[in-house]
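What follows is one structure encoded as structure tokens, with my remarks underneath.
Nothing here was measured: the structure is a model prediction, and the numbers come from that model.
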Amino acid sequence: MCRTGGVPEPAETGDEASTDAAFTALLEDSAEDLYESAPCGYLSTMMDGTIAKINTTLLEWLGLDREAVVGRKHFTDLLTIGGKLYHETHFAPLLRMQGELRGIALEMRRQGGGRLPVLVSAVVKHGTEGEPLLIRITVFDASDRRAYERELLRRREEAERARAEADEARRQAEADRARLADALAVLQRSLVPDSLPAVPGLETAVHYHTASPDQLGGDFYDLFPVVGDRWVFFLGDVCGKGPEAASLTSLTRYTLRAAAHHDPDPASALATLNAVLHERYTGDGNPRYCTCIVGIIEPVGEHGRTVVRLASGGHPPALVLRSDGRAEYLPTPGGLLIGVVPGAPIGTAETVLGPGDTVVLYTDGLTEARTGPGRDDLYGEDALHAFATDHAPGAPHEVITALTGLLESFGDGLDDDTALLALGVPAVPSSTGTVTSHT
């Protein structure tokens, strides 16, 4: 066969031939075969539910014979008990009202007792006068979908259980952390006195800032009477944090107390502490040490004048706020950390407090607080001296209140425990006052 002009037409390709064959087979496929062998179930029932027609696909799914179903069973006979209940209470009433339903989940009974989860769609066929004649029903196998839904439900339940377990674990952790914080707070308070005793002719105030609620700090202080009308006080900072620091703090406090009662000279008390710590900790290769300043106060003469003698082992110098508005450090040069070497040198100093004078002891958490936009600068002794000058003169409780506000102003730049202790001679003779504050 040739085209016009004598040019032969191209031969038919293999792909075109196979496509034509497929279309031919589709056109020759009978409607009956399409109904019987469809990938879903079909059935038609009378309005009372009697099955009038059912396809082979659905019969095979359920394992039934056509003769035992058509004209003998109702649609509800193919359903499980739960399916029948849903059909009577929801499916049938809605179908009568709406004339059609789509995608209703039901379960059908297989021959032998098995169950087939299905999705059912139904439509009522009406006659020419509008009267309902029969119900056409389409059934889709929902086994895979049901399995998928069950798997989703199982995963969701597992996720909910995991979330509940995580919430419970978090609550338990928070409760444990609260109990630990309470226990640590009790233990921390046992390492420092709850309050300072009243000292005749003097005012005292103290403040303790704990940097971390879940760690024991190593700062300590004390004030107690010795022979006669003399009083010993001390303040210091042990190395480290946690239980080891608490153990060292306890040993330090009670050693100093015992040493001061035996010999109230501050330098002698520190020398005894140095010998005890060096003997206790250096032998096992784990040296422990502390900084400490010890003082003794003794009234002299009239008008409340009091002598203060200090001894320091590597501790920041005491600060005195005078009644005339000056502030000055009491340097104790040469003092070495307590417990590092035997016979460590100890620095000493002495001053006289008159009416309105206050001496302040502090740990290095104050001067080593980080300041500046990037928290890169240390507060330092110069800044503290300027601060003290601005607040001089000041009674002990006034000075401690001002310093407490200063600590709060550092925010997260204050990352170490800080102890403050102030003693002063009242500017005007009055009853002894003591202020104790723990933060």
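Side-chain contact check for T358 versus P393: every heavy-atom pair is 4.5 Å or farther apart. Within the 4.5 Å cutoff, the side chain of P193 has heavy atoms near those of the D222 side chain. Proximity of P317 to Y362: side-chain heavy atoms (C-beta onward) are separated by under 4.5 Å at one or more points. Side-chain contact between L251 and L277 is present, with at least one heavy-atom pair separated by less than 4.5 Å. Here the side chains of L403 and H391 are not in contact, with every heavy-atom distance at 4.5 Å or above. In this structure, L406 and Y379 have side chains that are in contact, with non-hydrogen atoms separated by less than 4.5 Å. The closest side-chain heavy-atom distance from Y221 to T363 is not below 4.5 Å.
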(request) May I have the step-by-step check of side chain to side chain contact (heavy atoms under 4.5 Å, CB included) for V308 and F233, ending in yes or no? (result) CA-CA 10 Å; V308 177; F233 59 93; 3.9 Å; yes
(message) Does L78 form a side chain to side chain contact (heavy atoms under 4.5 Å, CB included) with L43? I'd like the steps, not just the answer.
(response) CA-CA 11 Å; L78 306 182; L43 71 156; 4.3 Å; yes
(request) In sequence, state the C-alpha distance, the side-chain angles, and the governing distance for R155 and E151, and then conclude on salt bridge (Lys or Arg N to Asp or Glu O under 4.0 Å). (result) CA-CA 6 Å; R155 294 291 180 88; E151 179 65 15; 2.8 Å; yes
(message) side chain to side chain contact (heavy atoms under 4.5 Å, CB included) for T45 and H74? Distances and angles first, verdict last.
(response) CA-CA 8 Å; T45 72; H74 291 73; over 6 Å; no
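By the neighbour-count criterion of 12 heavy atoms within 6.0 Å, atom CZ of R171 is densely surrounded, having more than that number from other residues, nucleotides or ligands. For R66, the CZ atom sits in a packed shell: over 12 heavy atoms of surrounding residues, nucleotides or ligands are nearer than 6.0 Å. By the neighbour-count criterion of 12 heavy atoms within 6.0 Å, atom CG of D48 is densely surrounded, having more than that number from other residues, nucleotides or ligands.
Under the 4.0 Å criterion applied to side-chain N and carboxylate O atoms, E88 and K84 are not assigned as salt-bridge partners.
Taking CG of L384 as the reference point, atom CG of L319 lies at 5.5 Å (rounded to 0.5 Å). Separating the OG1 atom in T291 from the CG atom in D237 is a distance of 5.0 Å, to the nearest 0.5 Å.
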Show which side-chain atoms of residues 101-114 pair as donor or acceptor with protein atoms under 3.5 Å away, not counting sequence neighbours.
residue, atom, partner, partner atom, Å
R102, NH2, E100, OE1, 3.3
E107, OE1, R115, NH1, 3.1
E107, OE2, R146, NH1, 3.4
R109, NE, L79, O, 3.2
R109, NH2, D77, O, 2.7
R110, NH1, W61, O, 2.8

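Using the six-membered ring where Trp is involved, Y42 and Y35 have ring planes that are parallel, under 30° apart on the 30 and 60° scheme.
A donor-acceptor pair under 3.5 Å is formed between the side chain of E36 and the backbone N or O of T56. S44 places no side-chain N or O within 3.5 Å of a backbone atom of K53 that could act as its donor or acceptor partner.
For the ring pair (Phe, Tyr, Trp, His ring centres under 6.0 Å) condition, the pairs that include at least one residue of residues 327-347, sequence neighbours left out, are Y329-H385.
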